[in-house]
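Beneath this line is the structure, given in structure tokens, with notes to follow.
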Amino acid sequence: MGIMQGRTAIITGGGKAKSIGYGIATAYAKEGANLVLTGRNMQKLLDAKEELERLYGIRVLALQADVTPANESEDRVNEVVKTAADTFGRIDVLINNAQASASGILLSMQTKDHFDLGIYSGLYATFYYMRACYPYLKQSQGSVINFASGAGLFGNAGQCSYAAAKEGIRGLSRVAATEWGKDSINVNVVCPLAMTSQLENFKASYPEAYEKNLKAIPMGRFGDPEADIGRVCVLLGSRDFKYMSGETITLEGGMGLRP
């Protein structure tokens with residue numbers, strides 16, 4: 001029996017692809033958790049549902065959701081959370097992984113639409129899901145795992161809206177950790193650097209920057225979405241985890257955890 005048996009995790013951006021979200025979903029599925037996967041592409045969500053249910057005998061709820069400046073985005077998040085709770089009877093872990101951005105565009109060339117894409121898909125989505133999940137997480141004494149990035153920590157060029165969203169998520173998470181600690185809700189932030197399809201595209205477009213990032217990692221590799229990032233998220237969502245709520249965890253290939 002896995003350590004997440006009988007528990008329910010919501011993972012945003014969890015569609016089947018070479019992505020952090022699907023790596024996390026796989027790690028949770030292997031530990032017996034029922035999953036609620038959200039994303040923009042319904043086919044990727046259905047592919048993830050089929051594979052995870054077939055391989056690991058869990059239940060997966062696939063729900064299309066996309067947070068944009070549109071007024072109905074918040075309503076859609078509320079619907080997703082209510083459907084998850086109605087289906088599984090509980091919510092134990094919320095993992096805010098989804099994020100879109102107009103990367104590669106310098107600050108001086110960014111439009112409001114570019115900036116809105118990063119802020120709404122990341123910061124607003126995280127805020128909406130956290131607020132909607134709070135009553136259920138309070139009841140289950142659950143966990144929130146949010147995703148920030150080295151783009152914000154180190155000021156990566158061409159990623160202004162992405163970095164702004166991720167730094168906003170770090171601040172939001174620290175406030176939640178302070179306010180929700182009395183409710184026994186654990187809140188943490190992961191700043192990953194993992195080999196994904198997006199990173200492969202980055203390698204093709206910016207080979208020199210890719211090699212520079214790779215050389216900065218002592219073990220010479222990027223993190224694996226399941227084995228590294230996913231397993232850390234299982235640890236953060238487990239009942240026995242004693243790490244200080246509200247801390248930032250930086251996960252880079254082969255480097256483990258660094259508070």
Side-chain angles (χ1 to χ4, degrees), residues 1-67 76-100 121 125-126 128-130 132-133 135-137 139-147 186 190 192 194-198 200 223-241:
M1 180 180 293
I3 63 173
M4 304 302 291
Q5 195 77 32
R7 306 188 73 196
T8 301
I10 296 177
I11 304 173
T12 70
K16 189 175 188 303
K18 189 174 182 181
S19 66
I20 290 175
Y22 189 68
I24 297 169
T26 302
Y28 267 77
K30 287 182 176 180
E31 294 295 341
N34 293 316
L35 302 175
V36 181
L37 304 181
T38 75
R40 294 180 293 177
N41 188 313
M42 193 63 193
Q43 188 56 56
K44 288 183 179 180
L45 294 171
L46 292 175
D47 290 345
K49 171 183 171 67
E50 187 280 327
E51 181 164 286
L52 295 172
E53 289 184 336
R54 172 172 50 83
L55 292 177
Y56 306 111
I58 61 165
R59 294 175 63 196
V60 177
L61 184 63
L63 298 172
Q64 190 173 36
D66 185 18
V67 177
R76 180 56 184 154
V77 170
N78 291 335
E79 290 173 4
V80 166
V81 172
K82 184 178 185 304
T83 301
D86 290 346
T87 301
F88 295 116
R90 60 187 298 140
I91 297 172
D92 299 277
V93 184
L94 169 64
I95 301 174
N96 284 301
N97 160 75
Q99 174 78 62
S121 66
T126 298
Y128 290 156
Y129 275 103
M130 288 176 69
C133 285
Y136 305 103
L137 295 172
Q139 184 176 26
S140 65
Q141 296 186 353
S143 300
V144 177
I145 304 167
N146 291 333
F147 275 73
N186 203 45
V190 176
M195 180 51 70
T196 64
S197 56
Q198 287 184 330
E200 290 175 348
D224 179 82
E226 178 194 342
D228 295 318
I229 317 303
R231 293 306 304 173
V232 166
C233 288
V234 169
L235 174 65
L236 291 173
S238 69
R239 294 187 185 280
D240 295 330
F241 187 66

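The existence of a salt bridge linking Asp47 and Lys49 is excluded, since no basic side-chain nitrogen approaches an acidic carboxylate oxygen closer than 4.0 Å. Taking a cutoff of 4.0 Å between a charged side-chain nitrogen and a carboxylate oxygen, Arg76 and Glu79 qualify as a salt bridge. Checked for salt-bridge contact, Arg7 and Glu31 miss the test: no charged N lies under 4.0 Å from a carboxylate O.
Side-chain atoms of Thr26 and Glu226 include no donor-acceptor pair closer than 3.5 Å.
Across all their heavy atoms, Gly237 and Ser143 have their closest contact at CA-OG, 3.9 Å. Shown here for Leu35 and Ala29, the closest heavy-atom pair between the two residues is CD1-CB, 4.3 Å. Listed here is the closest heavy atom pair of Cys233 and Ile24: SG-CD1, 3.9 Å. The heavy-atom pair separating Val144 from Asn146 by the smallest distance is CG1-OD1, 3.4 Å. Contact record, Thr12 with Ala98: OG1-N, 2.9 Å, taken as the closest heavy-atom pair. Taking both residues in full, the closest heavy atoms of Gly15 and Tyr22 are given as O-CB, 3.4 Å, listed atom of the first, atom of the second, then distance.
Rounded to the nearest 0.5 Å, atoms CG (Leu45) and CG (Leu37) are 6.5 Å apart. The line from CG of Leu61 to CG of Asp86 is 10.5 Å long, rounded to the nearest 0.5 Å. The line from CZ of Arg59 to CZ of Phe88 is 5.0 Å long, rounded to the nearest 0.5 Å. Thr38 contributes atom OG1, which lies 8.0 Å from atom CD1 of Ile10 (distance to the nearest 0.5 angstrom). Remark: Asn97 CG to Ser19 OG distance equals 7.0 Å, nearest 0.5 Å. To the nearest 0.5 Å, atoms CE (Met130) and CG (Leu94) are separated by 7.5 Å.
Panel note: side chain Glu53, backbone Val60; a donor-acceptor pair is recorded below 3.5 Å. The main-chain N or O of Asp92 is never found under 3.5 Å from a side-chain atom of Thr8 such that the two would form a donor-acceptor pair. A donor-acceptor pair under 3.5 Å links the side-chain atoms of Ser238 to the main chain of Leu235, judged by distance alone. When atom types are taken as modelled, the side chain of Ser121 and the backbone of Gln99 share no donor-acceptor pair closer than 3.5 angstrom.
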Criterion side chain to side chain contact (heavy atoms under 4.5 Å, CB included) on Ile11 and Val36, from CA distance to verdict: CA-CA 6 Å; Ile11 304 173; Val36 181; over 6 Å; no

For the pair Phe147 and Thr126, evaluate side chain to side chain contact (heavy atoms under 4.5 Å, CB included) and give the outcome as yes or no after the intermediate values. CA-CA 9 Å; Phe147 275 73; Thr126 298; over 6 Å; no

Side chain to side chain contact (heavy atoms under 4.5 Å, CB included) assessment of Ile145 paired with Val93: CA-CA 8 Å; Ile145 304 167; Val93 184; 4.1 Å; yes

Would Lys18 and Glu200 count as a salt bridge (Lys or Arg N to Asp or Glu O under 4.0 Å) here? Give the steps. CA-CA 10 Å; Lys18 189 174 182 181; Glu200 290 175 348; 2.6 Å; yes

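Glu51 places a side-chain heavy atom less than 4.5 Å from the side chain of Lys16. In this structure the side chain of Ile3 reaches within 4.5 angstrom of the side chain of Val234, judged on heavy atoms. Inter-residue side-chain proximity for Ile95 and Tyr28 is flagged as met; some heavy-atom pair is nearer than 4.5 Å.
Within 6.0 Å of CD in Gln5 there are more than 12 heavy atoms belonging to other residues, nucleotides or ligands.
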